[in-house]
Chemist: 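If you scroll down you'll find the structure; I have some questions about it.
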Amino acid sequence: MASIFSKIITGEIPSYKIYEDDSFLAFLDINPNALGHTLCIPKKETDQIFDLDDKTLSELIIFSKKIANAIKKAVVCERVGMSVIGLEVPHVHIHLIPINSMNDMNFNSKIEMTEAQFIETMNKIKSYI
Ligand code: AMP
């Protein structure tokens with residue numbers, strides 16, 4: 001069965017897409033740790049990041065760098081943190097999280113965002129890509 005992220009790629013499930021190319025997609029995390037929390041995924045479905053072939057893994061990191069640099073410009077933060085977990089969705093994803101304190105990397109501490117805030121944040125990050 002296709003992962004929830006594969007359904008986001010095809011548009012079967014709505015998302016706040018920031019940027020995509022032939023192989024990768026970046027979109028806002030729906031339950032963010034911080035405003036601007038973004039996920040970068042390979043379009044080809046693989047469960048665990050270290051099962052990716054070297055080329056795809058390197059390209060995913062380089063893709064994530066492009067997105068992180070845009071997040072840094074769009075969102076007021078000290079830096080952009082990066083994390084890989086994957087306990088919830090078995091489709092490789094890199095979390096990019098604008099952080100000001102260690103607590104922003106705490107996945108048990110979430111923020112509430114309105115639809116309007118998601119759209120505004122998506123558009124702002126997009127404008128820096
Ligand atoms: P994990 O697999 O533990 O790295 O967490 C999966 C992440 O995907 C969580 O941060 C979720 O909030 C996020 N997530 C799950 N479903 C969606 C969705 N439909 N759109 C955007 N983000 C999602």
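Start at 1 and go down the list; that is how both ligands and their atoms are numbered.
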Chemist: For atom 23 (C) of ligand 1, grab the closest protein heavy atom and report residue, atom and distance to one decimal in Å.
Modeler: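 Answer for atom 23 (C) of ligand 1: I30 CG2, 3.5 Å.
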Chemist: Give a yes or no on this: more than 12 heavy atoms of other residues, nucleotides or ligands lie within 6.0 Å of atom CD of E120.
Modeler: no
Chemist: Purely on distance, is any nitrogen or oxygen of H37 under 3.5 Å from one on ligand 1?
Modeler: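 Not met; the criterion fails.
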Chemist: Below the 3.5 angstrom mark, is there an N/O of G86, backbone or side chain, next to an N/O of ligand 1?
Modeler: yes
Chemist: Can you report which non-hydrogen protein atom sits closest to atom 7 (C) of ligand 1, along with the distance?
Modeler: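 For atom 7 (C) of ligand 1, the nearest protein heavy atom comes out as D29 OD2, 3.6 Å.
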Chemist: Taking only non-hydrogen atoms of F5, do any sit less than 4.0 angstrom from ligand 1?
Modeler: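 It does; at least one heavy atom falls under 4.0 Å.
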Chemist: Is a side-chain N or O of K17 found less than 3.5 angstrom from the main chain of I9, in a donor-acceptor match?
Modeler: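 Present.
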Chemist: Judged by non-hydrogen atoms, does S15 sit under 4.0 Å from ligand 1?
Modeler: no
Chemist: Could you establish whether F107 and ligand 1 come within less than 4.0 Å of each other, counting only heavy atoms on the residue side?
Modeler: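 No, F107 has no heavy atom closer than 4.0 Å to ligand 1.
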Chemist: Side chain, backbone, both or neither: which applies to L28 and ligand 1 if a contact is any heavy-atom pair less than 4.0 Å apart?
Modeler: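 Near ligand 1, L28 shows its backbone, while the atoms from C-beta on stay back.
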Chemist: Which heavy atom of S109 sits nearest a heavy atom of N103, and at what distance?
Modeler: OG-ND2, 3.4 Å
Chemist: So, applying side chain to side chain contact (heavy atoms under 4.5 Å, CB included) with P98, which one of T38, I71, N33 is it?
Modeler: I71
Chemist: Looking at ligand 1, would I8 count as a contact under a 4.0 Å heavy-atom criterion?
Modeler: yes
Chemist: For D54, does the CG atom have more than 12 heavy-atom neighbours from other residues, nucleotides or ligands under 6.0 Å away?
Modeler: no
Chemist: Does any N or O atom in H95 lie less than 3.5 angstrom from one in ligand 1, N or O only?
Modeler: yes
Chemist: In terms of atom number and element, which parts of ligand 1 are under 4.0 angstrom from non-hydrogen atoms of V89?
Modeler: 2 (O), 6 (C)
Chemist: How close do D21 and K43 get, heavy atom to heavy atom, and via which atoms?
Modeler: O-NZ, 2.7 Å
Chemist: Give the residue and atom name of whichever protein heavy atom lies nearest to atom 15 (C) of ligand 1, and the separation in Å to one decimal.
Modeler: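 Protein heavy atom at minimum distance: E88 OE2, 3.5 Å.
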Chemist: What's the shortest heavy-atom distance between G36 and V75, and which atoms?
Modeler: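 Shortest heavy-atom contact: CA-CG2, 4.2 Å.
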Chemist: If you take all heavy atoms of H91 and P42, which pair is closest and at what distance?
Modeler: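 That closest heavy-atom pairing would be NE2-O, 2.8 Å.
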Chemist: Check ligand 1 against H93 and write out every atom of the ligand that is under 4.0 Å from a heavy-atom position of the residue.
Modeler: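 So the answer, numbered in order with elements, is 1 (P), 2 (O), 4 (O), 5 (O), 6 (C).
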Chemist: When the ring centroid of H93 is compared with that of H95, is the distance short of 6.0 Å?
Modeler: yes
